[in-house]
Amino acid sequence: VTTAVHTSPAVPVSGARPRRQDGLPFEAALCGGVTAVLGAMGLALGLIGIFGEPRHLRIGWLLPLIGATFDLDPLGGLFISATGAVSIAVGIYAIGYAKREHWARFPMVMLPLFVVAMILVPAAGSVATFLLAWELMAAASLFLVLTEHRRDAVRSAGAFYAIMTQLGFAAILIALVVLAAAGGETFAGIAARAPGLTSGTRTTVFLLTLMGFGSKAGLLPLHAWLPRAHPEAPSPVSALMSAAMVNMGIYGIIRIDLQLLGPGPHWWGLTLMVFGAVSAIFGVLQASVATDLKQLLAYSTTENMGLVTLALGTAALLSSSGAPTVAAIAMTAALLLLLSHAAFKTLAFLCAGSVLAATGLRDLDKLGGLARRMPATTVMFGIGALGASGLPLGAAFAGEWLLFQSLIHAPHGANTVLALAMPLSVGAVALTSGIGILAMVKAFGVGFLARPRSAAAEAAREAPATMLAGMTLAAAACMVFAVAPVVFGPTLARVLAVLPTVGGSAEGLRLGSVLRLPGFDGSISPGVLAAALVIAVMLSLVVARWGTRHRPPAVVTPLWACGADGLSPRMQYTATSFAEPLQRVFDDILRPDTDVEVTHFAESRYLVEKVTYRTRTDDPVEQRFYIPVVRAVTTWAQWVRRAHNGSIHVYLSYGALGMLIVLLVAR
Amino acid sequence: MSALSVVAAALQVVGVLAGAPMVVGGMRQVRARLEGRAGGGIGQPWRDLRKQLRKQQITPAGTTLVFALAPAVVAGSTLLIAAIVPIIALGSPLDPVADLFGVVGLLFLGTVALTLAGLDTGTAFGGMGSSREITIAALVEPTILLAVFALSVPGHSANLAAIVSGTVRNPGQVLTPGSLLALVALIIVIIAEAGRLPVDNPTTHLELTMIHEAMVLEYAGPKLALVEWASAMRLTVMLALIANLFLPWGIAGAHPTVFEVLLGIVAVTVKVVVLASLLAAGEVFIAKLRLFRVPELLAGSFLLALLAVTASYFLAAAPS
């Protein structure tokens, strides 16, 4: 009986393309070096923004008529420094990666440009500057996604990404133009005039920005570009996109909706919570059934951004319900989750990149056995996966703990909305963290442990030194988040101070070696916990030495094969089979498409010649939501096409009519 | 924190180390008697451990450090939980280090370690056991977190000592709907997490129905001893924790006297023995659920826990 399992589109081996023998080593070093230096400068700039005086810079000639305005404040500084830190690790990694993967010169130019654009976005101090930087970021990332444009999958992902990012941009553009018309062009001016805005304007701006920024942050239902573009982009680019670019969506929500327009009504917070919770659960479910390593990580980005948005919504809701202290905890949770996500997702994508470079594979069903072949990468991915799973000793633990605490300490009896929203949110976060563990165990256990499931995985070799150096930096950042979130205490306190509408100053919230909450009984100490765990593991190893005297010398024996000999690697569980029980549990949500084909022998119907089993999990949101929308747009376009009959005379009259209308309106 | 609370915390660790195999032995004995067998006696698990610890160390071919270290991680995380949670006394020096969320996290760190070890072997059984175990864990963790949340809401704290001392001060809290629902949910998930009937059968020898046992199939000798010891300790710690969360009486305070510590030891021993016997007696009457019915059970307990949280929120809101 043969079983052919097709779970995801085949990923071509990267060595298959025609290419020069040894890339462009000098250009690669230059590109990576420049990116890392820009990252370091961004980190420094961000720290100046956080701890220094607010700075204002106006460059009149940069933009015609209005000029470019830059403001450096703690909130922007936080995002700039996060982007900078990610870029340092990615830049160093790119030195080895661009050489090994034979990048052309064009993506090597775009990579530093992308970093610059992402540093400019949070620094922008006016609507026009912001939009310019935003579009620069979108364009640079699009070109980078299209690096390997000779593959069909890349072109299709690029088209998807281009359309969705431009739709998002259009939403942001309209929202900011409405805002600028009502409140002025600079953010400072808008902030000053925000209390006087009509509720209609505020609602329009909130909904449009939520759509635009939400699509950049990968929130449902506008997340579909993420699981396409992240896997197809080169891995350093995926790391930058997933760890730095999606943050800009969150930045936009915080800056425009919570800081400039806030405090909003109750339903703003609730809306954010709902979008966040749905995105988190959906993202983690898709991640748990994904078999493409980078797609799994991309869905996990949707999950984490969902959690961040949920925390933001909680902060907004609590603050509008008169509980500023708890709101400050929720806000801290959101920022800490965002930063730790940047750390572990950078690491995870860089590791996935070194696996891809070494094997040409992203398909977990074909990987395995990398622990012996790529030990350093395996350890690094382990650190990243532990971080993503939200367990103690992982990077996301402190952030998730704070989020849970903010949900527990919400004031009772304030109102029914809170009493319903908080338990449901806890349910969503709890479900997300439980399934998230499964997704990460799958990625690490199936991808890196066990025995290789294909010849390519068998032939894997460890990544070169520069790539390992980039990963080591990101891993070190993960460890800092895991054992000493105290380091980020002063930074977060400065940022919270400029967010008066979501809790204001974090009075008493001390991220010391023991995290304590202001006015509440509750504390945790990740560092001491890690040390105690190490001691406890040592202790149990000592206990297990009891009886050593009596033991014969240790031996290595073959695996248990039920009495038969020779287990083949094909008998192992794969990523698909590993997640199958969970897929069965969430059948109604995931709607997997399963196809079993049994071929019988011609001689007898009772004998089976071969069984073909195919399963694929399509994104149900795309199936239900995108296809009808696309169909409607197509129908409409067909209808509009009737006006395009090819006659120049008719077109000229359209032009004349259009001019007349403009003149009438402008009069 | 006084010197005696440090002593009490150390006693908790030693007590769990020494007592856990006897708890399992006692449960087996209760079952054996109810089924009309003589049984191996309460000390049998200890004799098994001694035997296994003297056997040869065997490394299955192709396994990595993950496989070798997983039993120690499970045992270590369980010992750490035993040092943190209030079993004998409230004021453990490690109490501020981790609250109930931290403890749940540690518990799952152990589960994840064993799951990875099962995958590391690269056999069908290892993968099968791991896949089943982690699916159950993925459904158990949310329920535990929700139940924890329900218990934390009345006292405004997830700190274990605060929850337990809150219940000591205000015994009526146990009988609120929120608490009772949380208790039922917790019992179901602890049965699932400890791999007891009806979720998993710890004495099964048919690989296809196994969950935990399939995952640890490649372990032998001293490593198997550590795995079994650890799983007995997990069960014991969870029983002690559930006993003290809902029936905290007898537990020593944050600044205990010698007498209070002794009383605490006796109290928790009695509670764990009673709970374990009830659990064992219950197991006689039920059969193992089909694997794919287990998620239904867990979904039910998730719902109970969600109701518990909502109830505790609304009811906490009403009188204040």
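So you know, we letter chains A, B, ... as the sequences are listed, proteins then strands, and number each from 1.
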Could you state the interatomic distance from [atom1] ([X]) to [atom2] ([Y]), rounded to the nearest 0.5 Å?
X      : Y      : atom1 : atom2 : answer
B/E218 : A/W560 : CD    : CH2   : 9.5 Å
B/T123 : A/R451 : OG1   : CZ    : 8.0 Å
A/L449 : B/T63  : CG    : OG1   : 10.5 Å
A/L407 : B/S152 : CG    : OG    : 11.5 Å
B/L69  : A/S540 : CG    : OG    : 9.0 Å
B/F101 : A/Q405 : CZ    : CD    : 6.0 Å

What part of [X] lies closer than 4.5 angstrom to a heavy atom of chain B: side chain, backbone, both or neither?
X      : answer
A/E580 : side chain
A/S288 : neither
A/F397 : side chain

Taking heavy atoms only and a threshold strictly under 4.5 Å, list by residue number the residues of residues 144-151 of chain B that touch chain A; give 'none' if the list is empty.
B/L145, B/L146, B/F149

Identify the two heavy atoms, one from [X] and one from [Y], that lie closest to each other, and give their separation to 0.1 Å.
X      : Y      : result
B/P142 : A/G434 : CD-CA, 4.2 Å
B/S77  : A/L533 : CA-CD1, 3.6 Å
B/L306 : A/G427 : CD1-CA, 4.3 Å
B/L106 : A/P392 : N-CG, 3.6 Å
A/A450 : B/G122 : CB-CA, 3.9 Å
B/A61  : A/V556 : CA-CG1, 3.8 Å

Residue-level contacts of residues 544-554 of chain A with chain B, using a heavy-atom cutoff under 4.5 Å:
A/A544, A/W546, A/G547, A/H550, A/R551, A/P552, A/P553, A/A554

Among [options], which residue has the highest count of heavy-atom pairs closer than 4.5 Å to chain B?
options                        : result
A/L431, A/V585, A/V426         : A/V426
A/A536, A/P423, A/S433         : A/P423
A/L559, A/V446, A/V534         : A/L559
A/L582, A/L386, A/V441         : A/V441
A/A579, A/S389, A/G445, A/G382 : A/G445
A/P558, A/A532, A/G369, A/A371 : A/A532

Determine whether A/F578 and B/L119 make a side-chain contact, defined as any pair of heavy atoms from C-beta on separated by less than 4.5 Å.
yes

Between B/L49, B/L65, B/T64, which has the largest tally of heavy atom pairs under 4.5 Å with chain A?
B/T64

Looking at chain A, which one of B/V140, B/L109, B/T111, B/L79 has the largest number of heavy-atom pairs inside 4.5 Å, strictly under?
B/L109

Surrounding CZ of A/R373 (heavy atoms of other residues, nucleotides or ligands, distance under 6.0 Å), is the total greater than 12?
yes

What part of [X] lies closer than 4.5 angstrom to a heavy atom of chain A: side chain, backbone, both or neither?
X      : result
B/S130 : both
B/L139 : side chain
B/I136 : neither
B/A225 : neither
B/A124 : both

Candidate pair A/L529 and B/I84, rule side-chain contact (heavy atoms from CB on, under 4.5 Å), full reasoning:
CA-CA 10 Å; A/L529 194 64; B/I84 294 171; 4.1 Å; yes

Which residues share a ring pair (Phe, Tyr, Trp, His ring centres under 6.0 Å) with B/F67, sequence neighbours left out:
B/Y219

Taking only residues two or more places apart in sequence, or in another chain, which ones meet B/Q56 in a side-chain hydrogen bond (donor to acceptor under 3.5 Å, both in side chains)?
none

